[in-house]
Amino acid sequence: MKNIYFLIRPSYQRIAFLVLCILMVTVPGVISAQSGKQQIKGQVLDGQGDALIGVAVRNLTTSTGVITDIDGFYAIEAQKGEILEFSYVGYNTVKKEVANSFSISIVMTEDVQSLDEVVVVGMGTQRKASVIGSIASVRMADLKVPSRSLENALVGRMAGIIGVQRSGEPGQDASSFWIRGISTFGANQDPLVLVDGVERSMTNISPEEIESVSILKDASATAVYGVRAANGVVLVTTRKGEASEKPSIELKMEYGVSQLTRMPKLLDGANFMELYNEANGTPIYSDAVIEATRLGTDPYLYPNVDWFNEIFKKNSDNSNISLNVHGGGKVARYFVSVGIMNEHGNYRDNPTNSYKSNISLTKYNYRANVDVSLSKSTTLDLELGGWLIDSHNPGMTSSELFDKAYTQNPINIPVRYPYGFNADGSQHYVWAGSNSITTENPAERLMGSGYRTEFKNQFNGQARLSQDFGKWVPGLKANVAFSFDAYTKNITKRTKKESYYMATGRDDAGNLELKQMSIGDEYLGYETEQEVNRAMELKAQVTYERVFNTVHRVGGMGMYYHRDYRDGTATEAIRSLPYRKQGLAARATYSYDDRYFAEFNIGYNGSENFPKGQRFGIFPAGAIGYLISNEKFWQNSSINNVVSMLKLKGSMGLVGAEALPNNRRYAYLTIVGDGLGGYIFGPNETNYAGTGENQYGVVNLTWEKGLKSNIGIQAEFFGGDVSLDVDYFYEKRKDILIQRNSLPGIAGINDMPFANLGRMENQGVDGTIEYNKSFRDFSMRVYANGTFTHNTVLDQDQPDYQNKYQNRVGKRHNQQFGLIALGYFNDEAEIARSPKQQFGTVRPGDVKYLDVNGDGIVDSNDEVAIGYSSIPEIVYGFGTQLMWKGFDVGIFFRGQTRVSYMLGGEGFVPFQEGGDRGNLFVEALDRWTVDNPRQDAFYPRLSIGGSTNNYQESTKWQVDGSFLRLADLEIGYSFPKKVAGADVSKWVAYLLPRY
């Protein structure tokens with residue numbers, strides 16, 4: 001009834017108003033007047049600021065009542081303390097106590113049933129009942145989890161997202177994520193991210209600004225985006241203002257402590273020397289030196305340094321404060337948000353420096369969304385937002401500092417030496433360092449390398465003009481939008497290097513004798529970098545939705561899209577040209593009696609990477625659905641008491657992609673440069689630059705195409721207490737754009753041409769289950785979701801390996817390959833009777849491998865697929881939220897499995913470089929020895945310079961990357977509204993563990 005009323009309202013408002021007046025008059029005792037009471041006046045609006053006609057306003061004390069007029073106004077007699085009730089079909093009833101004021105205006109909210117909820121879909125919205133594509137949606141308010149990174153907040157909480165967080169460094173801690181895994185080995189594997197319909201990054205958007213996030217996963221949901229949406233779409237919708245009686249103010253403050261929970265443990269100096277002697281076979285370090293190092297009798301001549309402890313501290317702090325104000329009325333609605341976030345890293349500072357060595361990051365977020373009603377049918381939306389980031393970093397990057405700590409051993413040098421006195425009489429210190437060209441002092445590289453500052457600024461703006469043509473054509477609407485985004489990044493590097501000194505001994509008086517090994521910089525250097533880009537988008541859209549004869553719901557959408565992106569700091573002429581995209585999109589939907597649903601989507605998109613005549617592609621998709629629980633036989637049966645809602649759905653469609661490897665452009669053009677290298681000519685063998693093809697143009701290139709299919713089921717049990725949403729998906733990609741891999745060297749081509757030769761398939765299951773229940777003052781929510789995805793490479797233009805079991809075709813993308821380790825050789829006799837391993841000299845205690853092909857030799861031909869890739873195939877999360885009176889407790893766990901990582905690299909392999917380069921982990925104590933020949937020892941026998949045989953990629957060094965961890969814990973309390981005389985809607989305190 002509510003939906004039918006909305007459809008007739010634009011044409012028959014006055015008739016509906018008169019009918020309601022007649023109905024109200026015919027009810028005895030409903031409308032009356034009592035002398036001696038004050039007259040209360042006001043207006044009733046909906047959430048969009050539109051007047052509500054015919055709202056019943058009732059004095060519950062006297063049983064008198066009136067209805068609102070065509071402009072939403074009313075007048076009723078009441079006195080202080082009496083209760084007025086406002087009721088309206090399709091809206092939540094509101095009760096207000098009469099106070100001293102003579103005016104009471106209210107805003108009524110829609111009473112949205114589960115199937116009438118609005119879901120954000122591609123280029124629009126739909127009723128939840130009508131959605132038959134595979135879409136996962138979440139309101140940020142429902143997450144109730146404070147987070148400074150939107151990507152990290154979503155991983156494990158939304159079915160269909162596969163995400164990996166590789167770093168915890170401030171400003172670099174966002175997760176990499178994929179929708180339903182990886183479906184291509186082409187250049188672009190990332191999903192399309194749209195913020196308020198505009199192609200933008202969501203990395204630095206404050207979660208406080210966001211209303212909802214939707215993940216579009218199947219072809220019917222993404223087809224309208226055509227070429228841009230092959231890998232799925234993330235729709236981020238920011239918060240908007242709603243009409244309200246008074247502004248709503250939200251102030252949120254957070255403070256947290258971050259901790260390094262699992263740092264690698266480095267071996268101490270004495271054990272380092274003992275293991276070095278063992279690996280060398282003959283003693284290099286005497287017992288006296290080892291003992292002096294162990295006892296710390298002279299830490300400057302016999303240092304024993306834990307370099308991680310010197311550069312890292314365990315704890316750091318972070319804080320976040322945000323202020324949101326929203327409200328409005330009939331003419332305008334607004335949402336304004338500002339936020340400041342401060343975060344520090346875990347590096348140590350040098351108190352003697354005038355600058356900090358630790359990472360510090362300050363982020364400022366701002367947003368102002370204003371909706372203005374220019375008329376009853378015309379709305380202007382203005383959206384301004386963005387962020388500024390001001391960060392301070394050490395002169396060395398984090399990866400470089402880790403590398404310095406891994407390569408500098410604990411005994412070569414101390415951190416500093418005492419060297420004279422300062423003017424105030426305090427001890428003066430200089431940095432310790434050797435004349436090695438391969439190792440440096442990690443502490444000096446942190447505290448003496450200067451600093452680097454970054455200032456980044458992102459501005460986003462959009463204006464949208466919307467017109468409702470319902471007065472002339474019921475259900476017809478249109479809008480046009482223009483957006484402008486600008487980004488700048490300025491990096492200032494003030495770097496230097498300090499002088500190094502080395503102790504050569506002590507003089508007769510016991511004073512250290514120091515020799516200067518290098519002369520440092522007296523002043524900080526100065527260097528700048530800049531990055532600038534901007535993007536503009538223009539969109540025009542027409543939508544139509546109408547119900548005929550109460551059972552036929554018809555909808556349609558058409559859109560034109562154009563985007564222009566420019567790189568203002570391009571280093572090549574070809575990259576300075578505008579990056580442009582344009583296309584058309586359309587959607588048609590039909591439902592019969594909210595039982596049978598059909599939808600057709602199509603995208604028509606163009607790409608600059610293909611020649612004229614081949615630049616545009618068509619990407620259609622269709623879907624059908626059956627809401628069987630709306631059938632009369634279902635509703636009249638006892639099964640409805642158990643399964644209260646059941647929807648079956650399926651979709652199939654074509655998606656596309658056009659990105660070239662290595663960010664190349666215009667694949668159809670042949671680009672001439674120095675592609676053939678140089679040549680030597682003349683008696684003096686002078687080297688001359690040559691001229692040749694940098695890129696071979698291929699004129700018949702076309703789109704990468706993916707055929708997606710999806711079958712899903714949605715169900716609710718026990719009246720909606722339990723909900724279930726499960727999908728099976730399958731996608732087959734073809735014509736993947738790759739550079740040729742099968743052309744022989746005799747072709748004389750240095751830069752291989754592009755071709756549409758790749759093929760790959762991806763399939764899996766994702767789902768969500770949730771339980772919600774309230775018992776008087778107690779309510780609870782228990783939820784879980786999971787995603788399983790598995791891909792297979794079908795063709796990547798590679799010839800067969802000599803041993804076909806080594807082919808990458810038929811395996812998962814980025815499948816790890818290696819040898820199968822069988823343990824350690826116990827003695828020379830076992831080595832003699834085993835297949836000959838071709839990785840250098842083999843000795844007892846070395847790793848023994850399986851001869852897969854049985855040829856009596858173990859070499860690269862025996863490498864096979866082992867484990868998984870470094871991207872998890874299963875990601876899952878589960879948690880609960882418990883609320884009792886004013887208290888609430890939330891807990892969330894996140895996990896992953898079917899993922900493998902390969903150990904290795906410098907710092908992991910003991911004494912890999914020999915000499916004084918290389919640190920050791922404490923695990924080096926757990927190694928194979930003649931006296932303790934354990935097969936389960938972590939390390940094989942130790943050797944100087946490493947062992948080629950022992951550190952081959954194999955099952956020995958492959959580890960399972962599965963984990964389950966507590967991701968968030970929150971404890972809150974909502975105080976009563978009246979606190980210290982202030983009208984406070986909610987105060988909440990959070991306690992969160994950070995990993």
Side-chain angles (χ1 to χ4, degrees), residues 120 122 138 140 147-155 158 161-167 169-179 187-216 222 225 227-239 337 339 341 343 361-367 369 383-391 454-462 481 483-491 530-537 539 561 563-570 579 581 657 659 663:
V120 178
V138 63
M140 291 303 294
S147 177
R148 292 175 297 279
S149 169
L150 181 57
E151 293 96 331
N152 296 344
L154 297 178
V155 174
M158 298 185 71
I161 293 182
I162 299 291
V164 179
Q165 183 179 353
R166 304 290 190 188
S167 172
E169 180 181 344
Q172 308 293 328
D173 56 350
S175 294
S176 299
F177 72 97
W178 305 265
I179 295 178
N188 182 18
Q189 300 173 346
D190 300 325
L192 171 68
V193 178
L194 301 174
V195 180
D196 290 330
V198 181
E199 188 172 334
R200 295 166 174 160
S201 170
M202 65 178 179
T203 298
N204 289 305
I205 299 178
S206 170
E208 300 301 316
E209 303 175 11
I210 297 171
E211 177 70 25
S212 65
V213 178
S214 294
I215 306 295
L216 313 186
T222 63
Y225 297 105
V227 64
R228 300 185 293 160
N231 304 310
V233 181
V234 181
L235 302 179
V236 179
T237 303
T238 60
R239 297 172 64 179
S337 175
M341 187 268 287
E343 192 166 11
L361 181 145
T362 302
K363 182 175 70 170
Y364 307 88
N365 287 88
Y366 60 92
R367 180 162 299 278
N369 292 340
E383 302 165 355
L384 301 176
W387 46 263
L388 297 89
I389 293 180
D390 198 353
S391 64
E454 288 187 12
F455 178 77
K456 294 186 284 189
N457 176 19
Q458 175 71 61
F459 170 80
N460 301 323
Q462 181 170 221
S483 67
F484 179 84
D485 297 349
Y487 171 78
T488 60
K489 178 171 74 171
N490 291 283
I491 300 176
Q530 188 178 49
E531 181 181 342
V532 178
N533 60 64
R534 70 107 178 104
M536 294 188 296
E537 289 189 11
K539 298 185 289 289
Y561 160 87
R563 177 178 173 84
D564 183 292
Y565 169 86
R566 302 197 182 200
D567 184 353
T569 50
Y579 293 74
K581 298 176 183 177
N663 201 28

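Just so you know, residue 1 is the first one in the sequence shown, and it goes up from there. Side-chain atoms are counted along with the backbone in the values below, which use heavy atoms only and exclude waters and symmetry mates.
The side-chain contact (heavy atoms from CB on, under 4.5 Å) test with Leu216 singles out one residue from Val234, Val233, Leu194, Leu192, and that residue is Val233.
Note: Leu388 CG to Phe455 CZ = 4.5 Å, rounded to the nearest 0.5 Å. Annotation: the span from Asn231 atom CG to Asn188 atom CG amounts to 5.0 Å, rounded to 0.5 Å. The CD1 atom of Ile179 sits 5.0 Å away from atom CD1 of Ile215, with the distance rounded to the nearest 0.5 Å. Atom CD1 of Ile389 and atom CE of Met341 lie 7.0 Å apart (nearest 0.5 Å). In this structure, the separation between CG on Leu154 and CE on Met140 is 6.0 Å, given to the nearest 0.5 Å. In this structure, CG on Asp173 lies 14.5 Å from CZ on Arg166, to the nearest 0.5 angstrom.
Residues satisfying the side-chain hydrogen bond (donor to acceptor under 3.5 Å, both in side chains) test with Asp485, not counting sequence neighbours, are Arg200. With sequence neighbours left out, the side-chain hydrogen bond (donor to acceptor under 3.5 Å, both in side chains) criterion links Glu209 to Arg367. Listed by chain and number, the residues in a side-chain hydrogen bond (donor to acceptor under 3.5 Å, both in side chains) with Glu211 are Arg139 (sequence neighbours excluded). With sequence neighbours left out, Tyr579 forms a ring pair (Phe, Tyr, Trp, His ring centres under 6.0 Å) with Tyr565. Looking at residues two or more places apart in sequence or on another chain, you find no side-chain hydrogen bond (donor to acceptor under 3.5 Å, both in side chains) involving Ser167. In this structure, the salt bridge (Lys or Arg N to Asp or Glu O under 4.0 Å) partners of Arg563, at least two apart in sequence or on a different chain, are Glu199, Glu537.
Put simply, the side chain of Ser175 never gets that close to the backbone of Phe177: no donor and acceptor are under 3.5 Å apart. Side-chain N or O atoms of Gln462 include one that pairs as donor or acceptor with a backbone N or O of Asp196 at under 3.5 Å. Distance alone, capped at 3.5 Å, is enough to place a donor-acceptor pair between the Arg534 side chain and the Asp564 backbone. Judged by distance alone, with hydrogens and angles left aside, the side-chain atoms of Asn369 form a donor-acceptor pair with the main-chain N or O of Arg239 at under 3.5 Å.
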Step by step, work out the side chain to side chain donor-acceptor pair (under 3.5 Å) result for Gln530 and Asn490. CA-CA 5 Å; Gln530 188 178 49; Asn490 291 283; 3.1 Å; yes
Do Val155 and Gln165 pass the side chain to side chain contact (heavy atoms under 4.5 Å, CB included) test, and can you show the C-alpha distance, the side-chain angles, and the key distance before you say yes or no? CA-CA 9 Å; Val155 174; Gln165 183 179 353; over 6 Å; no
Side chain to side chain contact (heavy atoms under 4.5 Å, CB included) for Asp567 and Thr569? Distances and angles first, verdict last. CA-CA 6 Å; Asp567 184 353; Thr569 50; 3.4 Å; yes
Give the C-alpha distance, both sets of side-chain angles, the deciding distance and a yes or no for side chain to side chain contact (heavy atoms under 4.5 Å, CB included) between Trp178 and Val164. CA-CA 9 Å; Trp178 305 265; Val164 179; 4.2 Å; yes
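A pairwise comparison of heavy atoms in Val198 and Ser483 identifies CG1-OG, 3.6 Å as the closest pair. When all heavy atoms of Tyr366 and Trp387 are compared, the closest pair comes out as CE2-N, 3.7 Å. When all heavy atoms of Ile491 and Glu454 are compared, the closest pair comes out as CG1-CG, 3.7 Å. Contact detail for Lys456 and Tyr487: the closest heavy-atom pair is CD-OH, 3.3 Å. Of all the heavy atoms in Leu384 and Gly461, the pair that sits closest is CD2-CA, 4.0 Å. Contact record, Val195 with Ser201: CG2-O, 4.1 Å, taken as the closest heavy-atom pair.
Side-chain contact annotation: Asn460 with Gln458, donor-acceptor N/O pair under 3.5 Å present.
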